[in-house]
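Values in this document were obtained by computation on a predicted structure and should not be read as measured data.
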Amino acid sequence: MSDTARPAPAATDYRSTLNLPDTPFPMRGDLPKREPLWVRQWQEQGLYQLLREARRGAPKFILHDGPPYANGQIHMGHAVNKILKDMITKARQLEGFDALYVPGWDCHGLPIENMIEKKHGRKLSRDTMQARSRAYATGQIAQQMADFQRLGVLGEWDRPYKTMDFANEAGVIRAFKRVIERGFVYRGLKPVYWCFDCGSSLAEFEIEYADKRSVALDVAFKAHEPTRLAAAFGLPALDRDAFAVIWTTTAWTIPANQALNLNPAIDYALVDVGARILLVAEPLVAACLARYGLSGQVIATTPGKNLDAIAFEHPLYDVDAGYRRLSPVYLADYATAEDGTGIVHSAPAYGLDDFNSCRAHGLALDDVLNPVQGDGYYAVDFPLFGGRLIWPAVPAIIKALRSADRLLATQDLQHSYPHCWRHKTPVIYRAAAQWFVRMDEGEGVFTRDKAPATLRQSALEAIERTRFYPENGKARLHDMIAHRPDWCISRQRSWGVPIPFFLHKDSGELHPRTMEILDQAAAIVEQGGIEAWSRMSAEDILGAEDAAHYGKSSDILEVWFDSGSTFSHVLRGTHAEGHHDSGPEADLYLEGHDQHRGWFHSSLLLASAIEGRAPYRDLLTHGFTVDSHGRKMSKSLGNGIDPQEVTQKLGAEIIRLWVAASDYSGDIAGDEKILARVVDAYRRIRNTLRFLLANVSDFDPAHDAVAFAQMLEIDRYALTHAAQFQAQVLAHYKVYEFHPVVSGLQRYCSEDLGGFYLDVLKDRLYTTAPKSLARRSAQTALHQITHAMLRWMAPFLSFTAEEAWKLFGGGSASIFLETYGTIAAADEGLLAKWARIRAIRNAVNKEIEALRVQGLVGSSLQTLLRLTTAPEDHALLASLGADLRFVFITSAVELVAGSSLQIDVRASADTKCERCWHYRSDVGHDSAHPGLCARCTSNLYGAGESRTHA
């Protein structure tokens with residue numbers, strides 16, 4: 001008897017003689033209960049720091065975190081974002097990089113102020129608002145941090161960055177100073193988006209468009225200079241009053257009208273409608289008359305350029321002395337003949353084009369009418385409509401125009417209109433003295449180191465040097481930068497980084513020591529936060545003499561300036577020690593595609609202003625989370641899936657696998673049915689992993705591993721094929737793709753392993769002697785495949801990979817301390833050979849399945865196979881010798897030379913071996929073991945069977 005043989009028991013229970021798999025790795029993951037244990041263990045062992053120490057000196061990979069807002073529970077969009085970031089950093093870590101991930105939070109801004117006002121009222125002092133906002137944000141961060149960690153996200157959780165940390169607040173001021181030095185900051189009065197609910201200006205990034213119902217008006221402006229008007233049309237005189245007609249959807253702006261805009265290249269017509277003469281664009285005459293319910297005749301036409309500077313009267317000119325003013329014609333290309341009347345009424349305080357046109361035609365800033373206050377009400381002393389909120393005032397304005405006989409038509413109109421993205425309420429353009437970052441040529445305040453290019457030029461050039469994933473993000477960001485106006489960076493709120501300026505009470509000029517004051521303010525804030533600056537008076541900073549002449553600005557920087565400058569005060573500031581050798585840019589910024597107008601945008605502008613470059617090398621965007629019908633998940637629709645609920649019910653691993661399996665370049669669909677399919681996919685992967693672990697449980701690679709050259713051919717093929725798949729996996733990870741990896745891993749588990757290799761391997765693993773070359777060769781391959789598979793899946797199935805790693809006995813404290821490594825050298829000949837064998841096997845399996853369906857056989861081992869093959873296939877199959885039957889999992893295979901593939905399958909008439917279940921004529925050859933075939937008796941009591949290929 002050999003030293004590996006085991007005597008059979010007295011009874012005929014041969015099951016105990018098999019090498020049946022065994023592992024403590026459970027079939028059921030029990031994820032909701034077990035995952036929190038892993039989170040706690042990672043925290044207790046300081047895994048993130050272990051990863052840093054393990055990669056000390058390795059090339060760095062920096063994914064800079066776009067800070068979520070410190071307000072409210074995380075939703076599934078947050079989960080998608082954080083899991084994507086985690087998968088990428090883990091994949092880079094396993095690739096051998098020192099992959100840092102410092103989570104961050106955006107802490108200042110209006111949403112938090114709104115929450116505080118809801119709880120405590122709107123009349124809070126600045127100090128109280130700041131104190132309560134800081135406390136609120138701190139609590140929100142703690143809650144969100146716990147949820148992110150529960151999702152399996154690894155990062156520097158013990159030292160994240162927060163924009164409200166004193167050092168970061170000071171860093172924002174220093175970045176602001178640098179933007180000033182580069183010549184980009186100026187103060188100006190111009191229309192900016194204004195939200196009445198915010199009580200503040202808004203940036204382009206804070207605007208979204210939604211439908212709004214408005215009343216469209218056609219309003220008549222009486223000609224104040226009829227003689228000039230007649231002459232412009234080549235007429236000797238006008239025998240009736242003439243009126244220029246405008247069309248508008250913003251009736252509330254009519255009281256602030258100061259001009260009319262006509263296009264110099266469009267022909268305009270005088271139209272006789274009986275009681276009066278109307279002036280409209282000639283191409284729109286028919287449409288206008290139809291809208292007014294009038295008939296008329298064109299008297300004369302003339303190009304718009306001939307009407308320049310002719311004065312008309314405000315439509316309420318005769319109603320109230322406060323409107324006894326003229327509206328001159330200013331020529332402007334933005335007046336078109338596409339709709340309306342071809343004449344645009346101009347209220348320069350409430351439209352950027354109107355403002356620029358009026359200023360270009362000589363209207364002084366002090367003469368710009370701006371009756372709408374920051375809360376949306378007309379000034380109390382404003383004629384006729386004083387003290388009214390502009391939206392409810394529209395009926396009164398219509399009534400006044402109708403009474404004055406200046407209203408030709410009204411109609412309800414549903415149209416796309418800008419809304420505040422926080423309050424979802426309509427916003428307006430409103431002229432306000434604000435601080436701006438200039439996009440194009442112009443003078444800035446206190447310029448000391450003027451940038452060589454405009455901000456627009458610099459940012460567009462930086463886009464060209466950036467890689468985009470997906471590529472269409474490039475065109476989107478390029479268009480936004482190419483067409484955006486100057487950036488309004490000042491806000492009239494309390495909870496934010498101050499604009500530490502002092503303005504002369506008479507001239508409005510900045511204090512001459514402004515640049516020194518910025519340094520002083522940064523130092524004060526670094527020691528005591530923005531609250532410390534708020535407590536400083538003008539006397540404290542300027543001294544009593546200057547303080548008498550200068551007022552302290554109460555404006556703050558808008559919140560996008562905070563987060564947009566984090567490349568400066570985080571990567572090169574508070575967390576610079578981890579990033580100092582990574583180069584000037586982060587390797588990757590990753591956020592939802594809405595951040596083309598948000599964080600990507602503000603970060604690009606500020607980095608371009610300060611350094612003339614983008615702050616990122618790669619820019620990746622993902623879609624929104626939507627339901628199975630493509631509707632964006634929202635609380636109001638009730639169609640969302642809650643990450644906390646899913647985690648408690650199914651486990652965070654299911655969310656992670658769902659994210660990884662989704663093509664995030666578009667919107668990411670999820671609901672209970674989709675997650676149920678993800679659970680099924682997870683079980684298939686877990687069961688494959690369980691099989692692998694179970695069949696290497698008695699394998700010690702230090703003593704039992706078989707050299708590659710001595711391994712059976714199918715084992716060498718399996719490793720070569722695994723190496724080929726790993727190359728595909730790493731190529732996808734290189735470009736931040738995960739869904740091809742997940743789908744590939746599922747195919748690998750079900751088809752390459754479960755459907756072929758493991759299927760073939762079971763007989764050898766279970767029936768040959770435990771320490772035989774045949775079994776150890778198989779285990780060597782399985783051990784290496786398990787090693788590789790745990791690394792492939794670790795970025796997305798992090799909890800499962802770590803659990804399996806501990807049982808696998810890989811040696812290191814965590815799977816994430818490993819690297820991908822090499823599996824086998826490329827062997828195209830071996831891959832091609834076995835690809836053909838598998839194709840023939842698939843054809844054979846179809847024939848066997850047909851017999852099984854007919855009830856003629858119970859399993860493939862009950863069949864005898866006769867294969868007629870062409871010469872090339874015949875040589876290929878014959879090379880496997882007697883092992884060929886193990887590949888097809890039949891009890892016998894007969895090869896016949898022929899010209900094409902012919903498959904003949906029939907049921908075996910032989911006896912089934914009680915141990916290996918093969919049907920063989922030599923079953924019972926040994927009277928002591930009548931139920932065994934010859935190879936089983938040899939494997940148990942003799943030298944063991946010889947395997948060479950399979």
Within the 4.5 Å heavy-atom criterion, are [X] and [Y] side-chain neighbours or not?
X: Leu940; Y: Arg915; result: yes
X: Lys806; Y: Phe25; result: no
X: Thr17; Y: Asn939; result: no
X: Leu712; Y: Arg764; result: yes
X: Leu31; Y: Leu650; result: no
X: Pro36; Y: Arg150; result: yes
X: Ser860; Y: Asn845; result: no

Once you round to the nearest 0.5 Å, how far does [atom1] of [X] lie from [atom2] of [Y]?
X: Leu884; Y: Leu877; atom1: CG; atom2: CG; result: 5.5 Å
X: Thr869; Y: Arg836; atom1: OG1; atom2: CZ; result: 9.0 Å
X: Glu653; Y: Ile685; atom1: CD; atom2: CD1; result: 9.5 Å
X: Ser908; Y: Leu861; atom1: OG; atom2: CG; result: 10.0 Å
X: Glu672; Y: Ile674; atom1: CD; atom2: CD1; result: 11.0 Å
X: Arg935; Y: Arg947; atom1: CZ; atom2: CZ; result: 5.5 Å

Neighbour count above 12 (heavy atom, 6.0 Å) for [X] [atom1]:
X: Glu53; atom1: CD; result: yes
X: Gln728; atom1: CD; result: yes
X: Gln854; atom1: CD; result: yes

Check ion pair [X]-[Y] (N to O, under 4.0 angstrom):
X: Arg920; Y: Asp910; answer: no
X: Arg686; Y: Glu803; answer: yes
X: Asp752; Y: Arg747; answer: no
X: Arg15; Y: Asp13; answer: no
X: Lys833; Y: Glu713; answer: yes
X: Asp680; Y: Arg677; answer: no
X: Asp715; Y: Arg776; answer: no
X: Asp827; Y: Arg716; answer: no
X: Arg852; Y: Glu849; answer: yes
X: Asp759; Y: Arg841; answer: yes

Could you tell me whether a side-chain N or O of [X] sits under 3.5 Å from a main-chain N or O of [Y], the two making a donor and an acceptor?
X: Gln902; Y: Leu867; answer: no
X: Arg906; Y: Leu865; answer: no
X: Arg885; Y: Thr890; answer: no
X: Arg838; Y: Phe756; answer: no
X: Asn695; Y: Pro21; answer: no
X: Ser697; Y: Asp22; answer: yes
X: Thr868; Y: Leu901; answer: no
X: Arg656; Y: Pro795; answer: yes
X: Tyr101; Y: Lys90; answer: no
X: Glu945; Y: Ser938; answer: no

Please tell me whether [X] and [Y] have a donor and an acceptor in their side chains that are separated by less than 3.5 angstrom.
X: Tyr682; Y: Thr800; value: yes
X: Gln710; Y: Ser777; value: no
X: Glu95; Y: Thr819; value: no
X: Asp700; Y: His703; value: yes

Using side chain to side chain donor-acceptor pair (under 3.5 Å) as the criterion, list what pairs up with His874, not counting sequence neighbours.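 Expected list: none.
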Check the pair Leu761, Leu782 against side chain to side chain contact (heavy atoms under 4.5 Å, CB included), reporting the backbone distance first and the verdict last. CA-CA 10 Å; Leu761 218 55; Leu782 293 184; 3.7 Å; yes
Could you tell me if the ring centre of [X] sits under 6.0 Å from that of [Y]?
X: Trp792; Y: Phe725; answer: yes
X: Phe808; Y: His783; answer: yes
X: His739; Y: Trp658; answer: no

Before giving the answer on salt bridge (charged side-chain N to carboxylate O under 4.0 Å, His left out), spell out for Arg52 and Asp98 the whole-Å C-alpha distance, their side-chain angles and the decisive distance to 0.1 Å. CA-CA 6 Å; Arg52 303 287 65 76; Asp98 184 7; 2.7 Å; yes
The test is side chain to side chain contact (heavy atoms under 4.5 Å, CB included); show your working for Lys85 and Val153 and say whether it passes. CA-CA 8 Å; Lys85 292 172 179 175; Val153 179; over 6 Å; no
Could you give me the CA-CA distance, side-chain angles and deciding distance for His622 and Tyr736, then say whether ring pair (Phe, Tyr, Trp, His ring centres under 6.0 Å) is met? CA-CA 11 Å; His622 61 80; Tyr736 315 119; over 10 Å; no
Begin from the C-alpha positions of His929 and Tyr941 and carry the test ring pair (Phe, Tyr, Trp, His ring centres under 6.0 Å) through to its verdict. CA-CA 11 Å; His929 304 282; Tyr941 311 115; 4.5 Å; yes
Going by ring-ring contact (aromatic ring centres under 6.0 Å, His included), name the pairs with one or both residues in residues 827-866, residues two or more places apart or in two chains.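 Non-adjacent pairs meeting ring-ring contact (aromatic ring centres under 6.0 Å, His included): Tyr717-Trp834.
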Can you check ring pair (Phe, Tyr, Trp, His ring centres under 6.0 Å) on Trp42 and Phe799, steps first, answer last? CA-CA 11 Å; Trp42 288 341; Phe799 292 115; 5.3 Å; yes
Looking only at heavy atoms, what is the nearest atom pair of Tyr733 and Arg92, with distance?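 The pair with the smallest heavy-atom distance is O-NH1, 3.0 Å.
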Give the intermediate values and the outcome of side chain to side chain contact (heavy atoms under 4.5 Å, CB included) for residues Ile88 and Phe738. CA-CA 9 Å; Ile88 288 172; Phe738 293 92; 3.6 Å; yes
Tell me, with the steps shown, if Cys749 and Arg684 meet side chain to side chain contact (heavy atoms under 4.5 Å, CB included). CA-CA 8 Å; Cys749 288; Arg684 288 193 292 270; 5.9 Å; no
Using the six-membered ring of Phe816, assess whether NZ or CZ of Arg791 lies under 6.0 Å from its centre and within 45 degrees of the ring axis.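 No, Arg791 does not sit over the ring of Phe816.
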